[in-house]
Amino acid sequence: MKKWIASLVIALLPAFALAANDPEQIVRGVSNDVLAILKQADKDPAKVREQVDARVSPLADYPRMTSLAVGKYWRQATPEQQQALTKEFRTMLVRTYMSALTIYKNAEVDVKGSRPGADQDEQTVRTEVSIPGQKPIPLDFYFEKLGGNWKVFDIAVDGISFTVNNRNQFGAVIRKDGIDGLIKTLSDRNAKLAGGGKQGG
């Protein structure tokens, strides 16, 4: 279930990057709009995917998210490898979310408040995702201010960081097959997700 909640997070990310003065306002102001888009998935899944994918690139700090997920090995990667890792990581997030679009038609996001981050340019917004018949799941969004805009650089589902959770798996792949091995693993996974999306849509 937590994997699907993480997928919902990716669905919400596109709206979180909209211009706003405060991360809490961003989350509160756009959650209903994004969930409304999700409810249209059955009517025209392709259109929903296009709408979200068109907004993805400026939404989150994907290089930072990827570096956090790769961990200590990030500095060992060449610029070209870092670029490839970021591209595949971003694609993985988007396609994972797309595969779960229809799961959360009746979800609600309740903003519980925010707290300062590690410095003045970081904030954490605390929310809960409620799905009928299930216990609400805590969901924290970690924001940073870049160039005057707030962007998400990490997410915690029920206290588990999305980037840290991936770091353990990524590290194991790198130790076995190197950085290029991780790039290939992510690329292969993305290809499977794309194939599954075509079959399901």
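Starting from 1, each residue takes its place in the sequence as its number. Everything quoted here is computed from the prediction, not taken from an experiment.
- Between the Ser130 side chain and the Pro136 main chain, no donor and acceptor come within less than 3.5 Å of each other.
- Residues that satisfy the side-chain hydrogen bond (donor to acceptor under 3.5 Å, both in side chains) test with Gln82, not counting sequence neighbours, are absent from this structure.
- The side-chain contact (heavy atoms from CB on, under 4.5 Å) check on Asp121 picks up Asp119, Lys145, with sequence neighbours excluded.
- In terms of heavy-atom proximity, Glu128 sits nearest to Pro138 at CG-CA, 4.3 Å.
- Qualifying salt bridge (charged side-chain N to carboxylate O under 4.0 Å, His left out) partners for Lys87, counting only residues two or more places apart in sequence or in other chains: none.
- Looking only at side-chain heavy atoms (C-beta outward), Val111 and Glu24 come within less than 4.5 Å of each other.
- Partners of Arg115 by side-chain contact (heavy atoms from CB on, under 4.5 Å), not counting sequence neighbours, listed by chain and number: Thr124, Arg126, Asp140, Tyr142.
- For residues 168-178, the pairs satisfying side chain to side chain donor-acceptor pair (under 3.5 Å) are Tyr73-Arg175, with sequence neighbours left out.
- Considering only residues two or more places apart in sequence or on other chains, Arg64 meets the side-chain contact (heavy atoms from CB on, under 4.5 Å) condition with Asp61, Ser67, Leu68, Glu122, Glu144, Phe153.
- Scored by the side-chain contact (heavy atoms from CB on, under 4.5 Å) test, Gln81 finds Ala77, Thr78, Ile179, Asp180, Ile183 as partners (sequence neighbours excluded).
- Listed by chain and number, the residues in a side-chain hydrogen bond (donor to acceptor under 3.5 Å, both in side chains) with Asp154 are Ser161, Thr163 (sequence neighbours excluded).
- Expressed to the nearest 0.5 Å, how far CD of Gln83 lies from CD of Glu88 amounts to 11.0 Å.
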